[in-house]
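First up is the structure itself, then whatever we jot down about it.
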Number of protein chains: 2
Amino acid sequence: MINIYMIENKDTTESQIFNAAREIFEEKGLSGARMQEIADKAGINKSLLHYYYRSKEKLFHSVFQIIFKKLMKEFIELFDSDDSVENKIRNFFNLHISILQKNPNIPVFVLNEINQNPERVLKMMKGLEVEKIYKKLFKQIHEGIERGEMRQVEPEQVLVSILSMSIFPFAAKEMLKGLLNMDAQQFNAFLDRRKTEAADFVINALMIKK
Amino acid sequence: MINIYMIENKDTTESQIFNAAREIFEEKGLSGARMQEIADKAGINKSLLHYYYRSKEKLFHSVFQIIFKKLMKEFIELFDSDDSVENKIRNFFNLHISILQKNPNIPVFVLNEINQNPERVLKMMKGLEVEKIYKKLFKQIHEGIERGEMRQVEPEQVLVSILSMSIFPFAAKEMLKGLLNMDAQQFNAFLDRRKTEAADFVINALMIKK
DNA sequence: AAATGATTTAACCATTTGGTCAAATCTAGT
DNA sequence: ACTAGATTTGACCAAATGGTTAAATCATTT
């Protein structure tokens, strides 16, 4: 079976299949994707898909699992550090928006599948130490409030706001482009500015100014 | 439970079909929905679907159009008023989160379809006066900045942040429940608190305190 | 080069699915 | 009651789709 480090290896048939499947599934979702289309994109016979991954469901599961776990690991690494809250927020928006600019389809893909099949995702999350995403951050926020440096906020709300502000613009990309009347280039520049603007926004919402 | 997204006349066959289609499409999306399933839910024959709506695509289009336009109208009404920025923000989170609590599937449904078929959505938006969503709000923010009451923010970023913070929690609902270890009831209470917490958050991010 | 096991292909298959059609039934106007 | 038009049904169809299978080909070992 494929693992996270094999995605890059473009030589093997298995990774060719995997990468083709990843592209198609990201674009069209589970029910929208066609096995024939994946085979075509991988440049192989449809039977070969079933030779490596016995069914569409299994192929999808491998693809989804790897993308989802990678995403979660990024969140965890960033928020589980001993860095200051302010630095975590700045680094998060910077890094995370940059990653999604290169993989703009991931948010809708993941959100859609989560809604379609919550059990799968919940099971996956149990395998990861997801509480690492917020454990330290929440403690830091509580301390900040006690010290009188931060407003009386609910840490869960802050975390959700941070995730919202970085993920949603990608999920709603096409709508926002239409709404704000931007072309692809302008929207990309908007996202570049957002890396610091969103961080400033959150920090100002959080901190009590002197 | 009756809410504004249901079409008024519940008696006619057409509205029965429409409501069944709305439920199934919201849950499973265009490619995931089955005409037979919609017919079953409407309590009618599958042929009747094709009698009223000639094809799956046409049925989907009617459903999507109505949901999307209603959604946009809400945004417009709220932001196009002469209310203060602060009131607009408070009213928006209050009203919008309440509506989505009753229709929690709409965000993923709409976001997914927007990504699948951006042209359809863009065409729809041209029919509405979408610029009304931000025209007055942006002017108010610019004035607030000039008066020294608001930080030097980019109005577009603020609008996107507001939309993110209210819509994303619904799109990511199942993931957030898993992440924060909440059951349905706890998550609903979380959303209730969010109506004011999110508004406070944005207002604090925006305003310069004395 | 023969044998063996892994990989790849082409031809099929069964089911699902969106859609059609002609007949039946119901409704309203005369 | 009769007719015309709208509504509803059940039987059917063609295409699409996920999946299977047996045979062919390739690579490796002996």
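Naming convention: chains lettered A, B, ... in sequence-line order (proteins, then strands); numbering from 1 in each chain.
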Pair A/Lys41, A/Gln16: side-chain N/O donor-acceptor within cut-off below 3.5 Å:
no

Gap between atom CD of B/Glu131 and atom CG of A/Leu180 - 0.5 Å precision:
11.5 Å

Distance check needed: D/dG19 C1' versus A/Tyr53 OH, whole Å only.
17 Å

Going by the side-chain hydrogen bond (donor to acceptor under 3.5 Å, both in side chains) test, which pairs reach into residues 195-205 of chain B, not counting sequence neighbours?
B/Arg90-B/Asp200, B/Ser98-B/Lys195, B/Gln101-B/Lys195, B/Asp192-B/Lys195, B/Asn204-B/Lys209

Does the separation of the ring centres of A/Phe64 and A/Phe25 fall below 6.0 angstrom?
no

Go along nucleotides 23-29 of chain D 5' to 3' and tag each nucleotide: B for a protein heavy atom under 4.0 Å from its base, S when only backbone or sugar atoms are that close, - otherwise.
-------

Establish, yes or no, whether a centroid distance under 6.0 Å links the rings of A/Phe75 and A/His96.
yes

Just how far, in rounded Å, is P of D/dT9 from OH of B/Tyr51?
12 Å

Nearest-nucleotide 5' precedence on DNA chain D, B/Thr13 against A/Lys56
B/Thr13

Under 3.5 Å, is there a donor-acceptor pair between the side chain of A/Lys46 and the main chain of A/Ala39?
no

Rounded to the nearest Å, what distance is computed from the NE2 atom of residue A/His50 to the C1' atom of nucleotide C/dT7?
16 Å

With a 4.0 Å heavy-atom cut-off, tell me which residues in residues 31-48 of chain B come close to DNA chain C, sorted by residue number.
B/Ala33, B/Arg34, B/Met35, B/Lys46, B/Ser47

Is B/Lys132 salt-bridged to B/Glu77, cutoff N-O under 4.0 Å?
no

B/Val130 versus B/Ile76, closest heavy-atom pair with distance
CA-CD1, 4.3 Å

Ring centroid separation for B/Phe79 and B/Phe92, is it under 6.0 angstrom?
yes

Rounded to the nearest Å, what distance is computed from the CD atom of residue A/Glu14 to the P atom of nucleotide C/dA6?
14 Å

Could you tell me whether B/Tyr52 contacts a base, only the sugar-phosphate backbone, or nothing, with contacts defined as non-hydrogen atoms closer than 4.0 Å?
sugar-phosphate

Rounded interatomic separation in angstrom, taking CD1 from B/Ile24 and P from C/dG18
12 Å

Take the protein atom CG of A/Leu30 and the nucleotide atom C1' of D/dG18, then report the distance between them rounded to whole Å.
12 Å

If I take atom CD1 in residue A/Ile17 and atom P in nucleotide C/dT7, what distance separates them, rounded to the nearest angstrom?
11 Å

